[in-house]
There are 2 protein chains.
Amino acid sequence: MMHETVLRSATKEVVLGHSRPFCLIGERINPTGRKIFQQQLREGDLSAVERDVAAQVAGGADVLDVNMGVPLTDEADLLARAIRLVQKCTDLPICIDSSVVEALEAGLSVYQGRALVNSVTAEDDRMAAILPLVKKYDAAVIALPNDADEIPMEAERRLELVDHIVSVATKEYGIAVEDIVIDPLAMPIGADTTVVQTTLTTMRGIRDRHGLNMTCGASNVSFGMPDRAAIGAAFLPIAMSAGLTSAIMDTRTPQLVAAVKAADLVLGHDEWGAAWIAAHRARQLAGT
Amino acid sequence: MMHETVLRSATKEVVLGHSRPFCLIGERINPTGRKIFQQQLREGDLSAVERDVAAQVAGGADVLDVNMGVPLTDEADLLARAIRLVQKCTDLPICIDSSVVEALEAGLSVYQGRALVNSVTAEDDRMAAILPLVKKYDAAVIALPNDADEIPMEAERRLELVDHIVSVATKEYGIAVEDIVIDPLAMPIGADTTVVQTTLTTMRGIRDRHGLNMTCGASNVSFGMPDRAAIGAAFLPIAMSAGLTSAIMDTRTPQLVAAVKAADLVLGHDEWGAAWIAAHRARQLAGT
């Protein structure tokens, strides 16, 4: 059975599923590695958030990942403010992204709709801290198949950890199985060209065993390599055919967005090619 | 067992295989739909052939498809002349492409090396006419799983015809199984978005049951749709992950070539990313 994961803002619903168009989670609303943005956030200036939201929406994002991880700030307060602001700017559902449990809760408490929580691991203490929040706020959650000891380099071990997460989340915390979205851990191909095979094998296993939705950080794969967009534009169609149903990605790169939309067409998730043809006409009208 | 197909010119060897880099068969040396080229060929002017060869080689072709199907000409004579000319221009192996048996034989008789014959079907009379030539000239052959009655629209029927072709070619005509390259029949997605699913299912079946190499006319898929290169650039990586090991394609489209090379990297057919990085450096040096 193939599961569907429902996300909502106050007014808009987005559904992840194996027979649906791929879900683009815009990744840019995140200060990691951006010093000016970090300084602005420390000073309480969230204007860059509005610009980043506008750019990801214009690029075709279906959901927005919002991360406010800035050292030496009250991340919980900042994330709550950012989420309120993003929900004023757009009706897209939000993926609330933090490694800080208090920040996740602050974000969830102000969010209007049904959020995606990014993320939990297979570690018992992380599941104990985060899954009750997912349940309390009726959210969905991204789960990573790694534990405290390791990021497993064998697909079979990742699949065992997925089994563990699904079992614990559903039986101990009452999370609906369709609200678990697995991140099968995409890692840089430049370090070792076999790591992507492990990720793809994991994806096929998750689809075939569990029918769960999946997401991943698509840009990780090309990290450190030249011509990153071209690598991502090949990785995403291949991953989609292995079962990936969404990705956290920068929608400002048209080549990546086109690769996803073309793969939707090729994989039969764009009936009659209606979306492909409509997008082409829109670009013609816009003169781009 | 995964088979490898060896093609050769007088001096160069190209091997198709499931763990090897994808083989790009340049498709442009073909007058179909080109009225000026057809008229030149009727007048014995083959200068466009030289230009087309140069363009396909520059684009990164590994093998060249040569077709001289011009109405109202002696195709056998023309194809033999074209093959001699192409072999003067380049050391790439050739895919000898004709629906006329006499033209295939004329081409094979002058070819220096080990050619790929394009193509035979599952029809008994076509196999009886073409497979003895493949054997006589020690060539490899592209086989299409259709018969006189139909192009089957079910993957299972195509796989039955592949079984039939493999059985007849190996047992009755003594063709080595690794010299059979299957074209799983890529058809236009614009007519019906499910046809590509059939092709992909057929590819996986051929890989898993027979381990044979495959090729297809990659541009067929996007026929009639807008933004054809973007569709091809998503189709090829997906097809490669389903077992496609070569394609007949126009290497003058950089987006298609980049998609193939990136998919080689993602699928683990470019160890250490050496080819990807080398191609990037070459483009930098060329200033493109």
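Since this is a predicted model, take the numbers as computed values, not measurements. Chain letters run A, B, ... following the sequence lines, proteins first, then strands; residues in each count from 1.
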Review point. Checking A/L267 against chain B: side chain, backbone, both or neither under 4.5 Å from a heavy atom?
Key: both

**Study point:** Region of A/A263 that comes under 4.5 Å of a non-hydrogen atom in chain B
**Key:** both

Review point. Is there a donor-acceptor contact under 3.5 Å linking the side chains of B/N146 and B/T121?
Key: no

Review point. Is atom CZ of A/R281 surrounded by more than 12 heavy atoms (other residues, nucleotides or ligands) closer than 6.0 Å?
Key: no

Check your understanding: Ignoring hydrogens and geometry, is there a side-chain-to-backbone donor-acceptor pair from A/H210 to A/V166 under 3.5 Å?
Key -> no

Revision key, fill the gap. Exactly one of B/T215, B/N118, B/N30 clears side-chain hydrogen bond (donor to acceptor under 3.5 Å, both in side chains) with B/D65, and that residue is B/N118

Practice item. Examine whether an atom of B/A242 lies under 4.5 Å from a heavy atom of chain A, and if so say whether it belongs to the side chain, the backbone or both; otherwise answer neither. Key: neither

Practice item. Report yes or no: do A/T251 and A/Q56 form a side-chain donor-acceptor pair below 3.5 Å? Key: yes

Review point. Just wondering, more than 12 heavy atoms not from B/E271 lying within 6.0 Å of its CD?
Key: no

Study note, to complete from the structure: Okay, A/I189 and chain B: the region with an atom under 4.5 Å from a heavy atom over there is side chain

Review point. Given the options B/T194, B/V266, B/I277, which has more heavy-atom pairs under 4.5 Å with chain A than any of the others?
Key: B/V266

Revision key, fill the gap. Whatever's closer than 4.5 Å to a heavy atom in chain B on A/A239 counts as neither

Point to revise | Among B/L236, B/V221, B/I231, B/T199, residue most engaged with chain A (heavy-atom pairs, under 4.5 Å) | key: B/I231

